Amino acid sequence: MKTIHLEYPGHPEATLEGILLDGTLTLGQDKCRPAVLVCPGGGYVYCADSEAEPVALAYANKGFHAFILRYSTGYQASGFLPLQQASWAIGLMRQHAQEWNIDPNKIIVCGFSAGGHLALSTGLLAEHKPNAMVLGYPVTSAPAIPAMDFMLKFLTGKETVTAQDAERFDLLPKITRQAPPVFLMATAQDALTPFGALAVAKRHSDLGLGYEVHIFQYGPHG
């Protein structure tokens with residue numbers, strides 16, 4: 001196993017950390033492995049540690065190369081810079097696929113809460129898109145979530161946000177037949193993003209796209 005640490009050009013606060021598993025496998029297995037890009041939550045205020053290394057290590061334990069994107073937050077996220085950073089990370093994973101023993105057709109983006117918003121945005125809007133998405137209690141529709149107001153300020157770089165700004169970051173209408181398949185999870189007790197996972201699942205269902213959704217009875221947001 002080896003690790004890598006890269007900084008997003010021009011924004012040293014944003015980093016990509018990778019756990020690359022050994023390429024030597026037994027019994028004639030292909031050395032290439034699937035990879036996951038983990039986007040922690042934190043309301044675009046910070047990147048939550050609890051949704052970073054523990055998630056990446058769990059994937060590594062299952063045989064994935066695991067990467068953590070600590071994207072720009074606060075007003076440094078202006079212009080929706082985190083989306084560009086996530087696209088950059090996936091682009092790097094495909095660019096170095098042979099060197100890092102990554103299957104370029106099996107790259108997953110995994111995000112939680114605001115990181116789920118970023119992960120879903122990456123699957124729908126990025127230049128370099130993942131092959132599948134894993135979303136935990138994701139933020140999806142800005143107008144329905146009062147807490148999204150400060151997120152919109154960070155992502156737009158504006159002190160006063162408008163309905164048009166909210167519409168720009170409302171992702172449900174942007175799910176088309178080209179969207180990657182998705183695995184969704186949430187809890188029934190989540191008071192912050194209670195229906196985001198269900199809304200994405202319904203949209204995928206309506207379009208005939210692959211999805212799986214698990215709603216657990218207990219547990220608050222995060």
Side-chain angles (χ1 to χ4, degrees), residues 2-20 35-57 59-60 64-97 99-100 102 104 107-131 133-136 138-140 142 147-162 165-166 168-171 174 180 222:
K2 69 176 182 178
T3 60
I4 62 171
H5 179 91
L6 300 171
E7 294 181 354
Y8 183 73
H11 287 265
E13 78 280 358
T15 62
L16 180 67
E17 300 166 4
I19 302 170
L20 299 177
V36 61
L37 178 66
V38 178
C39 301
Y44 289 111
V45 179
Y46 67 100
C47 291
D49 289 336
S50 61
E51 296 165 346
E53 283 86 353
V55 179
L57 291 172
Y59 270 102
F64 285 71
H65 297 304
F67 295 79
I68 301 167
L69 178 66
R70 296 187 182 277
Y71 48 89
S72 296
T73 55
Y75 282 108
Q76 289 177 310
S78 176
F80 204 7
L81 185 57
L83 177 59
Q84 299 175 44
Q85 293 165 343
S87 180
W88 163 79
I90 291 176
L92 278 179
M93 293 158 73
R94 292 208 173 101
Q95 178 184 343
H96 294 278
E99 176 188 354
W100 294 345
I102 292 174
I107 296 177
I108 297 169
V109 64
C110 174
F112 304 86
S113 191
H117 181 272
L118 175 57
L120 181 56
S121 297
T122 305
L124 302 177
L125 306 173
E127 177 184 0
H128 301 288
K129 296 179 174 65
N131 303 101
M133 304 178 292
V134 175
L135 308 178
V139 173
T140 56
M148 191 68 174
D149 183 65
F150 68 86
M151 296 186 202
L152 287 172
K153 291 179 179 179
F154 293 152
L155 297 179
T156 62
K158 297 162 58 176
E159 281 294 335
T160 302
V161 294
T162 65
D165 294 320
R168 176 186 172 193
F169 293 100
D170 183 0
L171 298 179
K174 298 175 177 62

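Owing to the predicted nature of the structure, the values given are computational and were not obtained by experimental measurement.
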Reported [atom1]-to-[atom2] distance for the pair [X] and [Y], which is rounded to 0.5 angstrom:
| X | Y | atom1 | atom2 | answer |
| --- | --- | --- | --- | --- |
| Tyr44 | Ser113 | OH | OG | 9.5 Å |
| Thr122 | His128 | OG1 | NE2 | 11.5 Å |
| Trp88 | Leu37 | CH2 | CG | 9.5 Å |
| Ser87 | Lys129 | OG | NZ | 8.0 Å |
| Asp165 | Asp170 | CG | CG | 12.5 Å |
| His117 | Leu83 | NE2 | CG | 9.5 Å |

Can you check whether [X] reaches [Y] side chain to side chain, under 4.5 Å on heavy atoms?
| X | Y | result |
| --- | --- | --- |
| Val45 | Phe150 | yes |
| Glu53 | Ile68 | yes |
| Thr3 | Glu17 | no |
| His65 | Trp100 | no |
| Leu171 | Ser121 | yes |
| Met93 | Val36 | no |
| Phe64 | Ile19 | no |

For a quick test of reading the model, state the closest non-hydrogen atom pair linking [X] to [Y] and the distance between them.
| X | Y | answer |
| --- | --- | --- |
| Leu118 | Ala86 | CD1-CB, 4.3 Å |
| Ala119 | Cys110 | CB-C, 4.2 Å |
| Gly42 | Ala114 | N-CB, 4.4 Å |
| Gly123 | Met133 | CA-SD, 3.8 Å |
| Pro82 | Leu69 | O-CD2, 4.5 Å |
| Gly74 | Phe154 | O-CB, 3.2 Å |

* Could you walk me through whether Phe169 and Thr156 pass side chain to side chain contact (heavy atoms under 4.5 Å, CB included), step by step? => CA-CA 10 Å; Phe169 293 100; Thr156 62; 3.6 Å; yes
* **Criterion side chain to side chain contact (heavy atoms under 4.5 Å, CB included) on Ile102 and His96, from CA distance to verdict** => CA-CA 8 Å; Ile102 292 174; His96 294 278; over 6 Å; no
* Asked: Can you tell me if Lys174 uses its side chain to pair, donor with acceptor, with the backbone of Arg168 under 3.5 Å?
  -> yes
* Asked: Can any side-chain N or O of Arg94 pair as donor or acceptor with the backbone N or O of Pro104 at less than 3.5 Å?
  -> yes
* With distance as the sole criterion, is a donor-acceptor pair present between the side chains of Tyr75 and Glu159 under 3.5 Å? -> yes
* Intermediate values then yes/no, side chain to side chain contact (heavy atoms under 4.5 Å, CB included), Ser72 and Tyr8 -> CA-CA 9 Å; Ser72 296; Tyr8 183 73; 5.8 Å; no
* **Worked check of side chain to side chain contact (heavy atoms under 4.5 Å, CB included) between Val55 and Phe112** => CA-CA 10 Å; Val55 179; Phe112 304 86; 3.8 Å; yes
